[in-house]
Each structure stands twice: as C-alpha cells, then as structure tokens.
Amino acid sequence: MAKPRKPKPEDPKPAHSGAVVRHQKLCLSIDTNLRRIYGYTELEIEVPDIGIVGLHAENLGIESVLVDGEPTDFEYYPRNQSSDIEKRWASAVSSPSSAADVAAAAYVTALETELIPNLLINCFNKMQIEQINTEPNGVQSSAEVKQNVKSVRVNYWVEKMETGIHFEDNVVHTDNQIRRARCWFPCIDDNNQRCCFDLEFTVAHNLVAVSNGSLLYQVLSKYEPPCKTYVYRLDVPVTAQWISLAVGPFEILPDQHNGLISHMCLPPNLPKLRHTVEFFHNAFSEYEQYLDAKFPFGSYNQVFLSPEMAISSSTVGASLCILTSQVLFDEKVIDQTIDTCIKLAFALSRQWFGVYITPEAPNDEWLLDGLAGFLTDLFIKKFLGNNEARYRRYKANCAVCKADDSGATALSSSFACKDLYGTHSIGLLGKIRSWKSVAILQMLEKQMGPDFFKKILQAIICRAQSTTCPVRSLSTKEFRHFANKIGNLERPFLKEFFPRWVGLYGCPVLRMGFSYNKRKNIIELAVLRECTATIDSSVSVLNANPDSENRDGDIGWPGVMTVRVYELDGMSDHPDLPMAGDAWQLLEIACHSKLAARRYQKPKKGSKPDGSDDNGDLPTVDMRSSVDSPLLWIRADPEMEYLAEIHFNQPVQMWINQLEKDEDVVAQAQAITALESLPELSFSVLKALNNFLTDSKAFWRVRIEAALALASTSSEETDMAGLQHLVKFYKSRRFDTDIGLPKPNDFSDFPEYFVLEAIPHAVATIRAADRKSPREAVEFILQLLKYNDNNENPYSDVFWLAALVQSVGELEFGQQRIDRLLQFDRLMPSYNGILTISCIRTLAQIALKLSGFIHLDHVFELIKPFRDSKTIWQVRIEASRALLDLEHHCNGINAALLLFIKYIEEEPSLRGQVKLGVHAMRLCQIQGGSVSSEDIKATTLVALLHLLESRIAFNNVFLRHYLFCILQVLAGRSPTLYGVPKEKLPCMGNVEICNEQKNNFGAPVNEIRPPQPQPPMGNPSHSNHSHDNLAIPEASKEVDTVSNSHDRKTAVVKIRVKQSATSSKAEEADNGTAERSEGGERSEGRRNHDADRGATSSVSVDAPQRNSAEAVSISNQNIEEVNSFHDHGSRITASIGSAKIASEGDNFGKELQCTADSGNASVHHQPDDPSSPSIIQDSYIDAEAKKYASLQTLSISRDDGPPFQEKEKEKKKKSKKKKKDKEKKRKGEEHKGERNDPEYLEKKRLKKEKKYKEKEMARILGEVKAASGELKSKKEETTSLTQMGGNKQEADNMNSSEPPKVVISKLETRTEPTQPTSAPKFRIKIKSKPLSKS
C-alpha cells in the first residue's frame, strides 16, 4: 500500500495570505411570481491579518454586511459594461487580424477580472486594528488565532436573473457555469476553496426545492400564502461551483432498487422518466462495487427540466445532477437509449471523481476527468457489451491522434492551464482532452494490470473517506506515486511516461511494412516512427537533445509495442517494437509455422499461377504472398496499449483474412478502412465487404462501416457493384418479393434495425462518373420514403424517417415530398422534433445544390416560420442554422455574421445561443485561412467585439468563448486561447470595474487576490494588474527594441556587478526597498520612452578588479535616481536582486544588474517621481512578489563628469600603485629562497598568465570606450539632423525597413584578486543596431 499523504501543518496564515472559508450557510426565499430571490449567506471565515475579506458577488443587490453580528464597512464593485465600446474599437479595428488581437485582449481581460474579488469586507473594527498595531511582533497565541475566525453575514437579493440562476415560469434552476456561482450567492468562487454547506430554501407550498446533500427536514409555514422550507446539509467540503438548486412542481420518483436515489421531472414527462431510469441502479451499484466504497454523499438526485431552460444537456452538482428532458425516452424509442445511458452514467461518475475527489491544481483536472471517463467505460463494457466499449475507445483514439498536434491538447502543462483560465474544457478541444485522458489511464491499466489499477482507485477513495485525516484532493504526482507503490510500475518507466504523455502533446505515428524470409522462416518488419505534432519548445521538458536523429523533434515514447502474428498454426505475440530510439527500425520476428514441401505444378495455359482463370482480377502478388508464407495476417498493438496512429501495409488477402477471421471489432474496423482505401478494388474485396455486411453475428457498428465502404467503392469501373450489393441486401430484409414493395416496419431486431437504417444514407452518397446520383439510387430512396408504413410496429419510426429524409438531402430530387412531411410533422410533432429538423436540414441542402436553378426566396419563406419563439428550441435552432447557411451561400461571410448577431440577440435560450455560436464558427472555418478585409467589413468586426463584451456573452460563458474563437478563425488563427501572444495584446486602457469606487480598502486589495505562481524569467506573457487600474498586458518592449522614428544609434549598456560578501552589512541594509509604479503608469512611461529610442549597441566583458579605475562607484549609501546633467536622456540604471550572505572565501555575495541607456529621450527636466519611466519596473512579478521584492534603482552619468572626479581617480591610482609596489617588494623577500622550488615556479607562471589576461582586458576596455565615443558622436550628429529635419524626417522613417542587428560576440576574462577584499565583476553588453532608410 502507498503511504498516506501527510497532512500539511496548520500553521498560522501569513499576513499576505487570503481568507479561508471553513463553513457557509445559505438561506434564501424564492418568489417565482415576482421572479425574485432574497435572503442571506453566512460564512465562517479565517480572516487574514490585514482584516479585509474579498468575496465574489455579481448581479446581486447587497443590503448589508455584518461581522460577528455587528454592521461593518464594505465595498461592492459590480462589473458594468462600458457603453462606448463602438467608439473604443472603431479606430483600432481595421482588419480581421487587428480584430483578433483586440478580441484576445478583451477576452483575457474579462477572464482575469473575474479572478479578482469585488466584494470587500472590513472584518476588524477600529479597536481591534489599534490593538493589532500596538502589539509587539511575535507568534500568535491560540486565542488570537480563534479571534481571526469571523462570522460574516451578507444580506442580499437578486432581482434580475440573467446567469447562474434562471427563472422559467414556476421553475428555478442553476447552471453551474465556470465562475458563475457568484451570480446567485456571495462566495469565494475559486476551485481552491472548499467547505461544507448548510442550505435552506423557502418556496411556495406546491413547489419542491432540490439541492445538495441530505434533506434534513421540511417546514410548512402557517402564513398566507403558505410556504415550505427545505433544509439540506452537505457534510463533504466542495467548491462553490458544485452548489446547485432546482425548484419546481416536480414529480418525485424514488428508485425501486436503491433508497439513496431519487428521480424528478415535470409532470408531463413522468412516463418517459420511469422507462429511462430503469437501468440506473445497475450503474450506481457497479461503481460502489468497483471502488469498494459507499456513495460519498447522503443521497443522489436527478432532475430533468425542459431543454429550453438548460445551458447544456447535463449540469453536475454535489449529489445533484440537472439534465434536460430531451434525454428521456419511452419504450417506443430505440435510438436514444444508448446515448442516454452513457450520459447518465458519466454524470454519476463525476460525483466520485470531480466533485468528491477534486484536483489539487488546474494541472490535475485531466486526471479527474480521465478517471470519470474510465468509470463510464467500465459501465459500457459491462452493460452495453465489450464490443461497444472497444469500438468507442478505438474511434476516440483515432480522433485524438488527428487533433493532438498543439499545446492546447497538452494535459498537464502549467502555463497552458493558467493561460486557458478553465476554457480548455469547452468545445471540441475539451472533448479531445477528455478522450486523451481516458486513453492514457487505460494505457496505465494495461501496463500494470486491471487488478492493480482497481486497487489504486480504491486507495484514493479510501483515504478520502478516512475519519482521522481525509484527503479529498488528487494530484498527478500522487497518482504517479500510487502507480509505483501499488501498481508496481518501475520508477524509470513512470519518470518517462508522465512527462511524455501528460506534459507534452503529440501521438506516435507508425508506418509499418514487412517481408517474409522463406529461407530463415522469419518476418522482417520495417517501422518508421513519426509524431502527429512537431515537438519544439515543449521538448525542453525532457531535456531532449536537439541534435537527435529523430524526425520532426520526435523524442520517442516509453515502453515497447506488441506485434501479433496470426499463422497457420496459431497466434503469437511479440513485444519487440521499442517506441524510443531510432525512428527507423528493422525487426526480425521468428515464425512458428512451417510450410510443407509442395510439388510444383506447371500452370495451365490461360490461367494464373494461383489457379484462377483470366476472368479474375486479383493481383498475383497478393495471392502468392499467402501461398508462399504461413502468415494469415499481422496486427500491431492489438490490445490498444498505445495511443498511436498505425499505418500497416500488408497484402490484400491478409486484410480479407483479418476481416473474416478476426473476432475483434477493432481489427475488423481496421481491415475495412484498409480495404476501402485501396487504389484498385478486386472482386474478392467487394465480396468480403458484402459477406461481412450480411453477417448478422458481426457487431452492428462495424457492419455499418462495411456498408459505407461498399458505397465509397461503387463506381463505373466496378459496374456499380457496391450499389447493387447494398440494394440487394436491403430488399432481402425489408421488401416483399411478391409485390416488390417495402414491408411494414418491424424493428424488433435492434442490431438489424440500426444497420438497415444506415443503408439509405450509404446509397445516397454514391455518385456516377458525372458526379450525379445514379437513377437506381434515387428511385430506391424515394420508394422507401413513399411506402413507409409503421402502423403495425410497436416502436417509433421517427429516427427511421429522419434518416430517410436526410438521405434525400444527399440527392437532387424530392423537394415536394419533403414539404409534405414538414407540414405533417408540424401538425403532429415527432419525438423532440427530430423529423422537422431533418426536413429543414434537407431543404437547405437541396436549395444549396440547386441554387442555380431555383429561387431561394421560396426556401427562405418555407423555413423562416420555424424560428418562431413558440416552437421548441431544437427546431428553432435548426431553422436558424439553415438560414445562416443560405445567407452565407448567397451573400458571403459578412452578411452571415450580421445575421448571426441578430439571431443571438433574439435567441432566449442559452443552449440555443451556444449552438448558433458553434455553427457560425464552422462557417468561418469553411472560408479557410485568413479572411481578407474585402470579405468582411470593419463594422461587422466591431459588432462581434461589442457582442463579445456585452452582457449576453457574460451570461453565457460558452457563447463568449465561441465569439472569441470566431474572431480568431477569421484571422487565420487557431480557435483557442493557447498560444495567444499576450505580450502583443493591445492595451485595453482603464477598464471600469466599479461605479463610484470608494477606495476605502485601496491598500490591501492586492493582499486578497488569489496567489499565482511566479512565471519564469524571460517569459513576459503573464502580467499582473492593480485592482484600480485593470489593463491588459502591453507589448513587452525589450531594451534592444529599435524604433523607426529616429535614424540614429543609442548605446545601451548592461552591467552585471557581483560584490563580495566581505562588504559591510550596512550596505545590504541601506539598499532596502524601492518604489515601483504599477502596470498602467509603467506602460505609459515605457511607451513614451521607447518611442524616441533608436538603435542600441552592446558588448559583454568582465570588469577589472575593484582596485582598478572604475567607471561606476558604489558606496554604502541609499542609491537614488539621478539624471545625467549633460544629457537628460542618458542614464544607467542598476537593480539589486536577491542578496545572500556568503563566507569570506566566496568571491561575490550580492548581484547588481545595471542597465545603461543613452539617448536623447527628452530635452525637458524629468521630475523625481516614482512613476518615472526611467526607473526599472517589473510588472511580470505577481502581487505577492511585488510586496516583498527588494529592488533598487540607480542612475549614473555615462562618460561625462566633473573635473574633481578625475582628480580623485588620479589620487586613487597613485595610492594603489604605491601599495602594489610595497606588496611586490615584501613578496619578493619572502620568496627569495624559493626560486628553485617547482611549486613557486608554477605560481609564477600562473601569475604571468594572469598579467597577460589583464593586458588583454585593458585592450578590450579601450575598444569599448572608443566604440562608445563613436556612438556618442553619431548620436549628437543625428540629433542635430533630427532637429533640422522636422516632420520630413518622421515621414521618411515611416517607410524605413527593419534594421539589421550587429551583435559583438561576448568576451570574458576573469582575473584573480590580489587583495583579501574581492572585487566586483562587470559584464557589459552592447548591441549595435544601425538603422537604414529604405
């Protein structure tokens, strides 16, 4: 067993740490008639020493705040939308690229703003503050610690429910969007804050309130009108995101097999609910049995609401799941069964991993998501069959291999998770990450065995349910420890496995082929290993050698892959293929079967060597490979132990053998894919596909693939053999041979039903040589639609008819029949409007194909009525999609996006808005690449930006993300936040986050921000913002940035000083704290400074010893900002980093970083102001680091100085020279008798070498001075030309090209000190960047 994680010591929180919620109580009264919520929340909080608690609250009316029962001061900053968005963006947006930059800036600003608490509460009264100020420093007593725990009560109300919680008639429910729990109760809406909850909800007496935890009791009031209060208790600590609520006139259906489970729905859906949840107790008990633990919460409730209310098909909360009634089905519906079972099983698995067991950090979210998917796969395997589970996993792996090509799919990349702000779970990339997580966990299960993997999951749940020290969080590092201790996987393997599969991205691509050596009876297998992505910067995680011979940066994967060989005498596995090392590999695999000696028979005239006649068209090589070898077929990675894309090349007959004889559904699907992609199709291939289609024992999903393969292989070259096979198969099952018409529907055989349902679609995809549908295919589909009869069938044919209608959409005929079905379904609505949706989709497809022959106005008028608000949301959204497609086809992407914006503003349902956003993004992707400014107008881009920052987007997190993706796709970029260059984001200016800000707690605002890890040096993509001035990070301008506004050179000298530890400690004490301006002032000053700076020059050298003539003198005094008297623009700024105390033997104990900037930045006097741009500032260090950073700045004149400084230098030189002479004389007397000593001679030789190096250093310093003088003269000359040139100079420089960079190589020479006091070292770096006019 793995050692349990030691609990972290509960030390007193430091002064800069944020508040911690121990317990929260929520008491609300809900009035569905007035659509109002009012009540209070009471939090038991560990208050930080600063006495300020920050909560998240949005869209709330704060009435009062009490601390320990006494009113207190508070500040509330509601985030309001700026009203001048069009004015702000009109000048900045001129192209899709600029719009994408602005969208990234606005999106990142909104996400970062949401991390900041906006309800600030003063938890200390004046007496307590005075006591704290007067108390001496020391360790706090237990009584003081208890005093820091305060009871904070917030009385509030919610009137305008827009997000977080929703009203629909007499139904109220929450949506659990990311960071939207704050929209219905004040809380610390952060994933790191977990606590227990007491929940009380008062509603009308005829309504039911369902929430988290166990229902303790109900109280019926005696007042008029009568109300009922539901009291819940949640004893498991969870985050605020998992608190859910559903109120309505629900019908409650207790589970017949398990008393902990309750199902609820609105009264009309009760019959469907009974049929849908019959299986659910099986999943519940299966999870408990596998994890060897009871369900962690006191009860589990499922509430089914109408689809118009929910933002997604399922909303998970602690012990509560809110789903849409769209997933419910009755005994007549077949197609919805499998999807609903899997959806409910996954929602239940999230209760275990995700809600009960939480990720320790954002980097660990993949692990909990993967474990929930792993549990769901166990349910699928046991209750839906092993074939269903393996086929789904195979298809998911194929999708991951195609999409895993960028850092957005890296599962545990710290910077990626931080930059994505939780948006990595939205959309297609979220599904890819989820599938990849499950695949990686299944790979680990294959490596250690299913029993060991089960023990790991049981250990995780066991320690979480411990009564002494429960640990309910899980990290990747801990899971890796479990895999080693419990799973018995070796540390070297795990050390390679997790960084490669979890920390990086890309999947292996294997291209394999073989040759059979008959003489040696071996298989020679050639393998080329590639990667789905080019690993560049992320390779550094594993310290990969950049000079490796692996292709495209492929660094390999840990472990070996198994090759399974099927021979005449049986099957054998060969785990011989290493996944690391050389990209090209050649393996020799021994065969166990031997061919018996055969007599050679001379082939007959007119026949082929294999005995077939000339009528056959089988390739000779294919048949000879099966005759001359004992091999039947070969498979690589048969058990899916690797997440890999495999391209195996073997003869056609071996693929046919694999399809016909291998019982694994994955092997059959791989064989069908290989046969379908053959350039030349033989009669045996078509026969094998047809035989598999007609085999009722085969898995129905693979049979559908065989049908689609027959359709894709149908052509005039094969005499439409595939079409004939499909029609013949269907008629043999569903046609009456006497009258030649379809029989009445009979869906009693479910697998046969699914296969026959796919046949019309396969037939509709067949094309003749003229790219038209064959006449036989058209007549076949229309005949099925015309004579469909479902009178005697006990099952619904709505999905059957929908498939037929969509098949017609693949053809070019039959519009009149579709119109009739559309009107019929309008009178008698089908299940979830499936038939109407298919008719609308088909009409749009036909209209687009025949747009040159028919008027689209008729189609517009036919579809437009279905956008009425009274229609169900599925039909309304499908009609909107169809109209967007038609608008895009007729008038282009600009008109389609304008119509999309109009539909978004009119759409009432959040889920409908998301569907429209996804469809609009697909329309933009159809354009391909970057959209030109001619295709889309700037006003449309500004309208999209306005929608991105509107309240509509704030209320719908998913819609806001898709709006951002649309603007990125229009600019030809990837639709994700990953990789957005934040240092290039435009400045957003001052974003208003409050109205009439009182600023009573302005000083401690940064104290309560959630702590963030400090980014590595050199990565300026993470910038911090003050609470009062939230701005997006500006472009990070480095020192050597060249501005084209002046054609001149400016010397920038970087000096690095290391001072000895023998220096007095007073110097370290004096060099204390420095004043630094915040981000907004820094950006402004830096912009003004860099605008006038020209080229730079840099060289790096080592300075001589401290006793030599120094250009910079360091004293034991406070270092101040001083401007050069002769040149206001020139400056040398020095920043002191961290200081460390060293022994006397250490050469240096303190670092100084000096930056000298010489240039006429301005001709006016610069005031001694903390916000001066000449002071070194670092906005890329977080707020916590800012408080404790010790940074000092220094400005010293560059070359010029008063005459008395030269005299002082001369005096120092003379005194040092006398000391050297005395020291030399003394040492000469000491070593007089040692001149024949070899040790003395060696020291003397080293001393000569040192002197030679000193001379070289002096020569280099002379060259540096000469270069500096030359730069200064050129600068002065250019300054005069600039004054004379005026505006003409600026106009010429607008067209100047990018200047070439001339970098002088870095020279370093180190000298040993001759005195006990060690000398500082200077590294001076000068870069010359001459500017040339074009």
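No donor-acceptor contact under 3.5 angstrom links the side chains of Lys436 and Thr409, judged on distance only. Residues Asn363 and Ser412 bring no donor and acceptor atom of their side chains to less than 3.5 Å of each other.
Tyr287 is linked by a ring-ring contact (aromatic ring centres under 6.0 Å, His included) to nothing, counting only residues two or more places apart in sequence or in another chain. With sequence neighbours left out, Leu708 forms a side chain to side chain contact (heavy atoms under 4.5 Å, CB included) with Ile704, His761, Ala762. Listed by chain and number, the residues in a ring-ring contact (aromatic ring centres under 6.0 Å, His included) with Tyr566 are Trp633 (sequence neighbours excluded).
Judged purely by atom type and a 3.5 angstrom limit, Asp582 has no side-chain atom pairing as donor or acceptor with the backbone of Trp584. Distance alone, capped at 3.5 Å, is enough to place a donor-acceptor pair between the Gln351 side chain and the Gly317 backbone. Between the side chain of Glu388 and the main chain of Gly385, no donor-acceptor pair closer than 3.5 Å is present. Without hydrogens or angle criteria, Thr532 side chain to Lys402 main chain gives no donor-acceptor distance under 3.5 Å. No donor-acceptor pair under 3.5 Å is formed between the side chain of Glu496 and the backbone N or O of Gly556. A distance-only check finds no donor-acceptor pair linking the side chain of Asn397 to the backbone of Tyr394 [under 3.5 Å]. Not one N or O on the side chain of Ser437 forms a donor-acceptor pair closer than 3.5 Å with the backbone of Leu367. Judged purely by atom type and a 3.5 angstrom limit, Asn176 uses its side chain to pair as donor or acceptor with the backbone of Val316. Side-chain atoms of Gln668 come within 3.5 Å of backbone atoms of Asp662 as a donor-acceptor pair (strictly under, hydrogens ignored). Side-chain atoms of Gln650 come within 3.5 Å of backbone atoms of Ile634 as a donor-acceptor pair (strictly under, hydrogens ignored).
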side-chain contact (heavy atoms from CB on, under 4.5 Å) between Glu757 and Asp335: does it pass, once the steps are laid out?
CA-CA 10 Å; Glu757 187 181 46; Asp335 299 65; 3.1 Å; yes
Under the side-chain contact (heavy atoms from CB on, under 4.5 Å) rule, what do Asn387 and Val702 come out as? Steps first, then yes or no, please.
CA-CA 10 Å; Asn387 287 341; Val702 188; over 6 Å; no
Could you walk me through whether Val665 and Arg701 pass the side-chain contact (heavy atoms from CB on, under 4.5 Å) check?
CA-CA 9 Å; Val665 294; Arg701 291 191 184 272; over 6 Å; no
For the pair Leu444 and Leu489, evaluate side-chain contact (heavy atoms from CB on, under 4.5 Å) and give the outcome as yes or no after the intermediate values.
CA-CA 9 Å; Leu444 283 174; Leu489 293 181; 3.9 Å; yes
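Counting heavy atoms from C-beta on, the side chains of Met640 and Arg390 come closer than 4.5 Å. Counting heavy atoms from C-beta outward, Ile334 and Phe754 have side chains that approach closer than 4.5 Å. The shortest side-chain heavy-atom distance between Phe479 and Phe498 falls under the 4.5 Å cut-off. Between Asp637 and Phe648, the closest side-chain pair of non-hydrogen atoms is not below 4.5 Å. Side-chain contact between Leu344 and Gln302: present, with at least one pair of heavy atoms (C-beta onward) separated by less than 4.5 Å. The closest side-chain heavy-atom distance from Leu504 to Pro499 is not below 4.5 Å. Between His647 and Glu530 the shortest side-chain heavy-atom distance does not fall below 4.5 Å.
Phe453 and Phe374 have their aromatic ring centers within a separation under 6.0 angstrom. Between Phe383 and Phe279, the ring centre distance reaches or exceeds 6.0 Å.
Ring geometry for Phe699 versus Tyr391: interplanar angle over 60°, hence perpendicular rather than tilted (30 to 60°). Ring-plane geometry between Phe297 and Tyr356 is classed as perpendicular, the angle between the planes exceeding 60 degrees on a 0 to 90 degree scale with a lower cut at 30. In this pair, Trp501 and Tyr642 present their aromatic rings tilted. The plane angle is within the 30 to 60° band.
Taking CG of Asn191 as the reference point, atom OG1 of Thr358 lies at 8.5 Å (rounded to 0.5 Å). Rounding to the nearest 0.5 Å gives a distance of 10.0 Å between OG1 of Thr315 and CH2 of Trp242. For the atom pair OG (Ser712) and CD (Glu676), the distance works out to 3.5 Å, reported to the nearest 0.5 Å. Summarising the geometry, atom CD belonging to Gln670 is positioned 6.0 Å from atom CD belonging to Gln658; distances are rounded to the nearest 0.5 Å. To the nearest 0.5 Å, atoms CD1 (Ile432) and OG (Ser406) are separated by 10.5 Å. Here CE of Met561 is found 4.0 Å from CE of Met579. Values are rounded to the nearest 0.5 Å.
Salt bridge Asp339/Arg392: present, at least one basic N to carboxylate O contact under 4.0 Å.
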